[in-house]
Amino acid sequence: MEEIKKKENFITEIIDKDLAEGRYAKVHTRFPPEPNGYLHIGHAKSICLNFGLAEQYGGKCNLRFDDTNPAKEEEEYVESIKEDIKWLGFDWEDRLYYASDYFDILYDYAVKLIKKGKAYVDSLSYEEIKELRGTPTRPGKESPYRNRSVEENLKLFEKMKNGEFKEGECVLRAKIDMSSPNLNLRDPIMYRIKHVPHHRTGNKWCIYPMYDWAHGQSDSIEGITHSICTLEFENHRPLYNWFLEQLEIHHPRQIEFARLNLSYTVMSKRKLLELVEGGYVDGWDDPRMPTISGLRRRGFTPESIRNFADRIGVAKRDTMIDVALLEFSLREDLNKKAQRAMAVLNPLKITLINYPEGKTEELEAVNNPEDPSMGRRKVPFGRELFIERTDFMEDPPKKFFRLKPGGEVRLRYAYIIKCEEVVKDSEGNVVELKCTYDPETKSGSGSTRKVKGTIHWVSANHAFEAEVHLYDRLFTVEDPLADKERDFKEFINPNSLVKLKGCKLEPFLKNAKAGDRFQFERLGYFCVDSKYFKKGKLVFNRTATLRDTWAKIAKKQNL
RNA sequence: UGCCCCGUGGUGUAAUGGUAGCACAGCAGACUCUGGAUCUGUAUGUCCGGGUUCGAAUCCUGGCGGGGCAGCCA
């Protein structure tokens, strides 16, 4: 029985205190996305936080779509968001809500505020309202319509609802304080007119609540206890509280935390959209994108993302998380789960000149050294094989443990071989290696001969050909947004995608299904691309490389 | 130059008035039929100044630095 690890952070401290003092009897959170785009790993942090807290405290977490702006929102996004949350492994059970479910209640609440003299219809233009709002250092001025009578406001507000005004003609505002140092309290707008159909309420409404007016009240209606949002809403909290106090309804506590920033990528919806629309990537689910759908297509596991979210913690300071931590979480998970296979990405042919022509052997390989229960498999072996071009060097530096002229190396799960002859074409390119094998060194035979290097291989006569896509970081710099003089797209890594055709894979991989994950030994983790999946003609995406000590040495020696 | 928030190794995150710990990254080594995994060791930190205290990362105060706010977006 695995117990839920107790996570401690500034939010759990607040919750513990609230519970101890009896402010709330239970914990009820919510994840409130606006359905105007795809979820990314920053949202995953919020999802893990909200659902995780509910789980940790034996409470509940709702999914609520914050669909108060029909001009931006679409059903398509609702579906993708639901899919992503489920994939991450969280369950809102029967608690799927929409802010639009509350439009009627919100309208009644607004009437209540008008009757209290706490809200009014303003007939100023957009520009006039903006002008009178003032600036951070200059107080605002009151609108001439601010003191309309309750009766007039009621009548006007109803006319707004009935569609008797054009867009921009008037708005409903809360009557708070035009000279507040907090701009959010300078008579914030509660309703604006939009003659736009809503993806759920159709043409029923032409006035739509603003975020500030909808959010806290929606939280309240759902009985949310802790309304967790990101730092940029900190200055909205006094307004969040003001509405709830005026309405005298259930009052959740808003808590803000720092959003996730990941190195070597961008996270804002607008920037990601730019990458998609500019054709820099293959859609929202491009395996280089930090979107949940992109990570999924790349081969990430939900567990690795959840573990990552746990590891980064939650706090209020702005941070930049090293993407290496995400990659660590990934490898840690895949190392335990991924079926091993041999695959040669850049093939170099070798012929075993002392191995009988036409002979084939079935050698035994382990499917996962970390998990014996995954069993073993047979791998065909023959006279002609492919090895990785980078596993041979004609004139190698020291510390190169692989094949070299006259040198020996072990073929994984097979024999020790010796390179006897290097065959070149007219231009001097190495095209083939003639080797001998030592029949006494068969793997598993008890042979005690040791050589320093072990390399992977695939039998030429049995190899299955496929395309392999090598992905790397999308940007060449840690923070593509840091340089204000330059557009972030200038920092796109030109080698973030390398497509390899004619790769030679171990035969059993031909039966792989979309999304299946493998470790190609010595190379990294790969998965079958699900977007371009076609039986018999597979594309494998490289999810991540293995930790590569040799690459480090080679880099140091400037190779 | 208004209001609000935040400053702990390279990056994150603990320590809540009492030995600055953990993870990732780095470095070094052991082991290895994956230069993987695993294991061991190691360097690096409380933004600065003053104050309270036997004792301060923690409390107070003044600086400095970073972030947020002027949508009828969320």
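So you know, we letter chains A, B, ... as the sequences are listed, proteins then strands, and number each from 1.
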Can you confirm if the aromatic rings of A:Trp457 and A:Phe381 lie within a centre distance of less than 6.0 Å? yes
Run A:Phe233 and A:Tyr240 through ring-ring contact (aromatic ring centres under 6.0 Å, His included) and show every step you take. CA-CA 10 Å; A:Phe233 293 104; A:Tyr240 181 101; 10.0 Å; no
Nucleotide nearest [X] when distance is taken to its side chain, options [options]:
X        : options             : result
A:Met210 : B:G2, B:U34, B:A74  : B:A74
A:Asn335 : B:A28, B:G36, B:U1  : B:G36
A:Arg317 : B:G7, B:C3, B:G35   : B:G7
A:Phe328 : B:A25, B:G12, B:C3  : B:A25
A:Arg410 : B:C33, B:U34, B:G2  : B:C33
A:Thr68  : B:A14, B:G36, B:A74 : B:A74
A:Arg547 : B:G36, B:C33, B:C73 : B:G36
A:Lys194 : B:G36, B:C73, B:A74 : B:C73
A:Leu325 : B:C73, B:A23, B:A25 : B:A23
A:Arg522 : B:G12, B:G35, B:C72 : B:G35

Are the ring of A:Phe401 and the base ring of B:G35 both nearer than 5.5 Å at their centres and tilted by less than 30°? yes
Ignoring backbone atoms, establish whether A:Lys452 has a side-chain N or O less than 4.0 Å from OP1 or OP2 of B:U32.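 So the side chain of A:Lys452 is outside the cut-off, no N or O lying under 4.0 Å from OP1 or OP2 of B:U32.
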Please tell me if A:Arg449 has a side-chain N or O lying less than 4.0 Å from either OP1 or OP2 of B:C33.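 No, outside the criterion.
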Separation of the [atom1] atoms in [N] and [M], to the nearest angstrom:
N     : M     : atom1 : answer
B:G9  : B:U46 : P     : 7 Å
B:G41 : B:A23 : P     : 11 Å
B:A57 : B:C47 : P     : 10 Å
B:G49 : B:C64 : C1'   : 10 Å
B:C5  : B:U11 : P     : 25 Å
B:A28 : B:G36 : P     : 14 Å
B:A56 : B:U13 : P     : 26 Å
B:U34 : B:G10 : P     : 36 Å

What are the two closest heavy atoms between A:Ala110 and A:Leu172, and how far apart are they?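 Where A:Ala110 meets A:Leu172 most closely, the heavy atoms are CB-CD2, 3.9 Å.
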Whether the side chain of A:Arg311 and the base of B:U13 hold a donor-acceptor pair under 3.5 Å is what I'd like checked.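 No, the side chain and the base share no sub-3.5 Å donor-acceptor pair.
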Under the 3.5 Å rule, do the base of B:U38 and the side chain of A:Glu370 count as making a donor-acceptor pair? no
With the 90 degree cut-off around zero defining syn, does B:G26 come out syn or anti? anti
In Watson-Crick or G-U wobble terms, both distances under 3.5 Å, what is the partner of [N]?
N     : value
B:G2  : B:C69
B:G36 : none
B:C27 : B:G41
B:G62 : B:C48
B:U13 : B:G21

Counting distance only, does the side-chain N/O of A:Asp177 pair as donor-acceptor with the main-chain N or O of A:Arg186 below 3.5 Å? no
Between A:Arg340 (side chain) and A:Ala365 (backbone), is there a donor-acceptor pair under 3.5 Å?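 No: the side chain of A:Arg340 does not pair with the backbone of A:Ala365.
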Closest-nucleotide mapping onto RNA chain B: is A:Asn69 or A:Glu232 further toward the 5' terminus? I mean the 5' end.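 This one resolves to A:Glu232.
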Quick check: on RNA chain B, is the nucleotide nearest A:His215 upstream (toward 5') of the one nearest A:Asp322, or the reverse? Name the residue that is more 5'.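 The residue mapped nearer the 5' terminus is A:Asp322.
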What nucleic acid atoms does [X] come within less than 4.0 Å of, heavy atoms only: base, sugar-phosphate, or nothing?
X        : answer
A:Arg340 : base
A:Phe233 : base
A:Arg402 : base
A:Tyr413 : base
A:Thr549 : sugar-phosphate
A:His456 : nothing
A:Asn36  : nothing

Should we count CD of A:Glu164 as having more than 12 external heavy atoms under 6.0 Å? yes
Applying the salt bridge (charged side-chain N to carboxylate O under 4.0 Å, His left out) test to A:Glu408, which of A:Lys450, A:Arg449, A:Lys418 qualifies?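 Running salt bridge (charged side-chain N to carboxylate O under 4.0 Å, His left out) over A:Lys450, A:Arg449, A:Lys418 with A:Glu408 returns exactly one hit, A:Arg449.
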Please determine which of A:Phe526, A:Phe520, A:Tyr525 meets the ring-ring contact (aromatic ring centres under 6.0 Å, His included) test together with A:Phe540.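 Going through the options one by one, the only one that passes is A:Phe520.
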